[in-house]
Amino acid sequence: MDAVEEIKQRLSIEDVVGEYVELKRAGRNWKGLSPFANEKSPSFMVSPEKQIWHDFSSGKGGNMFSFVMEMEGLDFKGALELLARKAGIDLEQYRTSGNSQRGKEKERLYEVMLEATRYYYGQLRQPQNKSAYDYVHQKRRFSDQTLLEWRIGYSPESGDALVKHLKGKGFTPQEIKAAGLATDRYRGRLRDMFRGRIMIPLADQHGRVIGFTARLLRDDPNAPKYINTPQTPLYDKSNHVFGFHLAKEAIRKSGFVVIAEGNLDVISSHQAGIRQVVATAGTALTERQLKTLSRFTGDIRLSFDADNAGVNATERAIPLASKINVGLSVITIPSGKDPDELIKQDPAIWRDVITKPQYALDWLIAKYQKQLDISTAQGKKKFSDIVMKTVNMLQDSVEKEHYIAALTQIIGVSQDALRTKLERPASLRKLKNANKHQSEVDRAHVVYIERQNIFLSMLLRYPEFIAKARPLDSYMLPQKKAKDFFELLVHRDVQSEKLTAELAEYKTELLTFYEDETKKGPTSDSAEMIINQLKAFLIVAYAKKVLPEITNQYLSENDEQKRGKLREKNTYFNQLLSKYDKR
């Protein structure tokens, strides 16, 4: 039994759904109000017998995994992990030994991060750290409830206070360092990464702590005000959305999300009851972060500072939003204050401001209209250079046409002139990218075939190793004649008189290839190692090629029996990757 079936046996779909939707019995089924739409009459149905759900208002439906994916904004792996925890199932028992070990190591990092969070939170309440508590409680005006909800803490000035605490809890120096909590750059001694700072935990979508943002408490012009956890197996700033685990429900209900520039802006907004607000690490918004948010809403509103960094970030985000088909707009605070300052003044103003966004590209055009003198030829050129670069990256042709027409009115030039500027670099870039992609594909295929031929020629020269060719199978080779020849090799049936003309010619090519390419190569002692390396390469190349195809088939297949077979294939090739992909 695999993990999916084990979870289905331990959890009932009505219990899983019931944590998100208030359900009432309706004969053999359950019903409730749709979590995806505002409705007065229940159109959301759950069938315990079939273990499925269907929402008639939105047309969505599926099993408990797809429901959790919808509600939590997770992929299948994330939903599997969440439901496994609910069911009390250890997924490690279903993984290969390599994956199991990595999984255990990762769980230890989650544990050390949780213990560090508890330690920092406790330090904030210590009498000797009163200045830290006063800062968050009086200057930032965070309530005790907010401090608890966000688990805000303080890192003492002492150089190794946390390290000593974590060692006392049984964590190794390697684990502490791997979690990004300590460094050994100072004379080889393990010292705390964060000292004398307000500690704001960074959590993943499930609320598990994966890192910290640390704000310097004392004034020190030689030290950065904010530092973050470095990249670790848990924390990747290009993936992380701060506050998302606490904002998800508000985003779903309001239908939009606000991305603020600072973590403290987010905390202030949540404390004021405006909870559909998140932040990224600085203004560097990534496609993966937008995709994470797009699972909950297609209406994304930026609240960045109106400085160069904010403008540049908005420029970069517009084509990303267009690519994944979400609406991107900009919130402008008239006073020029940041959200935290505005909330302290009056939360109602902030609540009103976020409901009046301006579409991002319109905002960008208006911004550059004010900065540049578009009455001059040079100003028109610079304005069109900047704006058309962004217009060129829009995915929708109708939207492109709209902005071409709008820009002709703004700078008083013909649409043909703008289209010429739009099309020339686009066509050159498209050709360049196409050539680059094709050359990469061609090179990879040449290498694939070359290693296939070396592998087969080695087996011809050293037949004693043929039995060790498995689990490589003939279907994993890129050429038909190689597949056929490999089958004959395995069955020790490659005598020339038994081969077709094509395979006999191929055998001669392989023998010649071996003589030309490897006569100065391996001895019998090293041949086995080289054969194993080539075998691993061919297995990994095929597995990486076929796994996306299996995933696509699985997602589009409705027959449960066929889906089960696809799951088995997926597991098999993932196990091969875990065993043979050592890069």
Side-chain angles (χ1 to χ4, degrees), residues 96 435 437-554 562 565-583:
T96 60
N435 289 338
H437 175 71
Q438 187 59 46
S439 64
E440 288 173 352
V441 171
D442 291 344
R443 280 197 301 273
H445 192 63
V446 167
V447 171
Y448 198 178
I449 292 174
E450 184 181 73
R451 296 195 184 183
Q452 159 203 273
N453 290 338
I454 296 174
F455 176 73
L456 293 177
S457 68
M458 291 282 288
L459 291 183
L460 268 176
R461 175 66 178 80
Y462 299 98
E464 63 268 29
F465 298 127
I466 289 175
K468 296 186 177 182
R470 301 299 187 187
L472 181 74
D473 214 326
S474 57
Y475 63 79
M476 297 179 182
L477 301 177
Q479 292 180 303
K480 183 181 184 304
K481 62 183 179 181
K483 300 177 199 288
D484 295 340
F485 192 79
F486 180 75
E487 283 297 319
L488 294 174
L489 263 178
V490 170
H491 295 100
R492 310 294 177 117
D493 203 14
V494 291
Q495 296 86 349
S496 297
E497 64 273 10
K498 293 187 178 182
L499 299 177
T500 64
E502 182 186 15
L503 290 182
E505 182 181 352
Y506 184 50
K507 178 183 178 183
T508 301
E509 288 177 9
L510 289 174
L511 289 170
T512 305
F513 180 83
Y514 180 84
E515 290 170 1
D516 292 344
E517 301 294 332
T518 62
K519 60 185 177 183
K520 295 181 181 179
T523 64
S524 180
D525 294 335
S526 60
E528 183 177 9
M529 178 186 72
I530 295 174
I531 287 170
N532 285 334
Q533 289 173 345
L534 292 167
K535 176 180 73 174
F537 173 86
L538 295 167
I539 288 172
V540 169
Y542 182 80
K544 287 183 175 179
K545 172 180 174 292
V546 79
L547 275 169
E549 298 170 7
I550 293 171
T551 301
N552 290 335
Q553 291 175 35
Y554 180 84
K562 291 180 180 178
K565 291 180 179 178
L566 288 168
R567 275 198 301 271
E568 290 175 5
K569 288 177 70 175
N570 184 280
T571 300
Y572 175 68
F573 286 113
N574 271 309
Q575 288 173 343
L576 288 181
L577 275 181
S578 297
K579 183 174 181 180
Y580 291 103
D581 190 3
K582 303 302 181 184
R583 289 176 294 175

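What you see is a predicted model, and the numbers here were worked out from it, not measured in a lab. The figures that follow rest on heavy atoms only: side chains count, while hydrogens, waters and symmetry mates do not. Positions are given from 1 along the sequence.
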To the nearest 0.5 Å, atom CD1 of I550 lies from atom NZ of K569 at 5.0 Å
By salt bridge (Lys or Arg N to Asp or Glu O under 4.0 Å), which residues pair with K565, not counting sequence neighbours? none
F465 and N532: side-chain contact (heavy atoms from CB on, under 4.5 Å), yes or no, with the steps? CA-CA 9 Å; F465 298 127; N532 285 334; over 6 Å; no
Walk me through it: do F537 and Y448 pass the test side-chain contact (heavy atoms from CB on, under 4.5 Å)? CA-CA 8 Å; F537 173 86; Y448 198 178; 4.3 Å; yes
What's the separation between atom CG in L460 and atom NZ in K507, rounded to the nearest 0.5 Å? 6.5 Å
Testing the basics here: between I539 and P471, what is the closest heavy-atom pair and its distance to 0.1 Å? CD1-CG, 4.0 Å
Output, in order, the C-alpha distance, side-chain angles, deciding distance and verdict of side-chain contact (heavy atoms from CB on, under 4.5 Å) for M476 and V546. CA-CA 10 Å; M476 297 179 182; V546 79; over 6 Å; no
Close side-chain approach of S474 to F485, heavy-atom, < 4.5 Å: no
Test log, rule side-chain contact (heavy atoms from CB on, under 4.5 Å), inputs K544 and L547: CA-CA 6 Å; K544 287 183 175 179; L547 275 169; over 6 Å; no
With a 4.5 Å heavy-atom cut-off, do N453 and M458 have their side chains touching? no
Between the CG atom in L456 and the CD1 atom in I531, the distance rounded to the nearest 0.5 Å is 10.5 Å
Which atom names give the shortest non-hydrogen contact between L477 and F486, and what distance separates them? CD1-CB, 3.8 Å
Contact check, side chains of Y462 and S457, non-hydrogen atoms, under 4.5 Å: no
Nearest-0.5 Å distance, CG of residue N570 to CD of residue Q575: 10.0 Å
Y542: which residues meet the ring-ring contact (aromatic ring centres under 6.0 Å, His included) condition with it, sequence neighbours left out? Y475, F573
Quick one: list whatever passes salt bridge (Lys or Arg N to Asp or Glu O under 4.0 Å) with K468, sequence neighbours left out. E528
Within the 4.5 Å heavy-atom criterion, are L538 and K535 side-chain neighbours or not? no
Nearest 0.5 Å, what's the NZ-CD distance between K483 and Q452? 8.0 Å
As an exercise, state the distance from CD1 of I449 to CD1 of I454, rounded to the nearest 0.5 Å. 12.5 Å
Identify the heavy atoms of L503 and K481 that sit nearest to each other, and give their distance. CD2-O, 3.5 Å
